[in-house]
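So you know, we letter chains A, B, ... as the sequences are listed, proteins then strands, and number each from 1.
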2 protein chains.
Amino acid sequence: MKNITEKLIGLFKSGYCTPQIARIAKHIKEPSTTIHYNIKKLESEGAIKAYKAVFDYKKINQGTCNYVFINLGQDHYGDPEQIAYQLAKYDEVESIDICTGEFELIIKLRTKDIDEYYEFVKKIIKKYGFRRTESVTSLKQVKTEFVIL
Amino acid sequence: MKNITEKLIGLFKSGYCTPQIARIAKHIKEPSTTIHYNIKKLESEGAIKAYKAVFDYKKINQGTCNYVFINLGQDHYGDPEQIAYQLAKYDEVESIDICTGEFELIIKLRTKDIDEYYEFVKKIIKKYGFRRTESVTSLKQVKTEFVIL
DNA sequence: ATATATTTTTGAATATTATACGAATTTATG
DNA sequence: CATAAATTCGTATAATATTCAAAAATATAT
């Protein structure tokens, strides 16, 4: 056993997929070369960032999902983007937005369980010294990444 | 001009893509048939829900992103799931979670502009009679759907 | 309005890739 | 340790993407 599954999950999370031109061509009843042309155009314009898989995260050991709302500390208050891009690198981070309102950052986190979630939050608080964080746990995910579960 | 782009965006939002088996095989240096076997297994187990594209949403006229936090009204308080699955059907909804804490639902919304966002929120409040909603606007999206923008 | 350039669509030929299948190997189970 | 089940993997084939050149449609300038 080579545990290829684990590697696949990593690759599929943000790429290593491609459009199904033939299927689309049949579906919208246009020649596949026309579909091909239009897709390449979207790609070259940068409108399409990636092709990827969406998982049933419970089945790949990432069933715990939390939103973390963050107030940056005084050090970083003027530069939320730099912090955001650093946080974006973590695999556990599904999304991160710089926002209006009470909090500067909203992070959506996926972890195996509460323990892993807690370790992650502890780690980033320690590292970046956030003034305040507030978490909301997702009890049930009905739709993610435009896919209904 | 057949405006195939619009149709593609609709299809790619939640499907019509497929894994790149040959590319993965080269990347992790395993036979493509082994990769194929492992992917089909993930699919049959239901671990993979879909293969899809991730967009630069500004470039496809969906540059406005808002989180909407919802308190259900008394009518629906006992059954957040039913409401959530109905809301999930809207194209504008990227994700919807049933949550702990102050609000029962967190919706991530993508619209063309503030006007479209406002119309959408008005519509669902009117339809479902939420007790309270609170919105947070994303000023900058650093990562979405596990893809760094 | 008309000529010209640009973009988009399309079919035919080719290159690449996924898939089916069977055999071999590895791993799990009693 | 024997047997069953799961996984790996090579070969052959089917399906698909891609290239290319031409035609059509659209935009632009005169």
Quiz prompt | Contact boundaries on DNA chain C for chain B, cut-off under 4.0 Å to non-hydrogen atoms | solution = C/dT9 to C/dA20
Quiz item: In Å and rounded to the nearest 0.5 Å, what is the CG to CD1 distance from B/L42 to A/I9?
Solution: 5.5 Å
Practice problem: Determine, for B/E94 against B/R110, whether the closest basic-nitrogen to carboxylate-oxygen distance falls under 4.0 angstrom. | Solution: yes
Quiz item: With A/N3, which residues qualify under side chain to side chain contact (heavy atoms under 4.5 Å, CB included), at least two apart?
Solution: A/M1, A/E6
Exercise. State which residues pass ring pair (Phe, Tyr, Trp, His ring centres under 6.0 Å) with A/F103; sequence neighbours excluded, sorted by chain then number.
Key: A/F69
Quiz item: When you check the gap from the basic side-chain N to the acidic O, do B/D97 and B/K108 get nearer than 4.0 Å?
Solution: no
Quiz item: Quantified as the angle between the terminal helix axes (five pairs each), what is the overall bend of the helix from C/dA1-D/dT30 to C/dG30-D/dC1 to 10 degrees?
Solution: 60°
Quiz prompt | Aromatic contact, B/Y16 with B/Y51 (centres under 6.0 Å) | solution = no
Quiz item: Which of residues 10-27 of chain A have a heavy atom under 4.0 Å from DNA chain C?
Solution: none
Quiz item: Can you list the residues that meet the side chain to side chain contact (heavy atoms under 4.5 Å, CB included) rule with B/A25, with sequence neighbours excluded?
Solution: B/S32, B/I35
For residues 142-149 of chain B, which side-chain N or O atoms pair as donor and acceptor with protein atoms under 3.5 Å away, sequence neighbours left out?
| residue | atom | partner | partner atom | Å |
| --- | --- | --- | --- | --- |
| B/K143 | NZ | A/A88 | O | 2.6 |
| B/K143 | NZ | A/Y90 | O | 3.0 |
| B/K143 | NZ | A/V93 | O | 2.9 |
| B/E145 | OE1 | B/K52 | NZ | 2.5 |
| B/E145 | OE1 | B/Y57 | OH | 3.4 |
| B/E145 | OE2 | B/Y57 | OH | 2.6 |

Self-check item: Of A/T33 and B/T33, the one whose closest DNA chain C nucleotide lies more 5'
Solution: A/T33
Quiz item: Counting only non-hydrogen atoms, which of residues 34-55 of chain A are less than 4.0 Å from DNA chain C?
Solution: A/T34, A/Y37, A/N38, A/K41
Self-check item: Inter- and intrachain pairs under salt bridge (charged side-chain N to carboxylate O under 4.0 Å, His left out), touching residues 28-47 of chain B, at least two apart
Solution: A/K2-B/E30, B/K40-B/E43, B/K41-B/E45
Self-check item: No-hydrogen, no-angle side-chain donor-acceptor test under 3.5 Å, A/Q86 and A/Y128
Solution: yes
Quiz prompt | Parallel, tilted or perpendicular: ring planes of A/F12 versus A/F55, cut at 30 and 60 degrees | solution = tilted
Practice problem: Would you please name every residue forming a side chain to side chain contact (heavy atoms under 4.5 Å, CB included) with B/T33, sequence neighbours left out? | Solution: B/P31
Exercise. Consider only side-chain N and O atoms of A/K13 and A/Q62, and report whether a donor and an acceptor are under 3.5 Å apart.
Key: yes
Quiz item: Would A/S135 and A/N66 count as having a side-chain donor-acceptor pair, cut-off 3.5 Å?
Solution: no
Quiz item: Who passes side chain to side chain contact (heavy atoms under 4.5 Å, CB included) against A/D113, sequence neighbours left out?
Solution: A/T64, A/D115, A/E116
Can you give me the N/O atom pairs linking the protein to nucleotides 21-27 of chain D at distances under 3.5 Å, or say none if there are none?
| residue | atom | partner | partner atom | Å |
| --- | --- | --- | --- | --- |
| D/dT26 | OP1 | B/M1 | N | 2.8 |

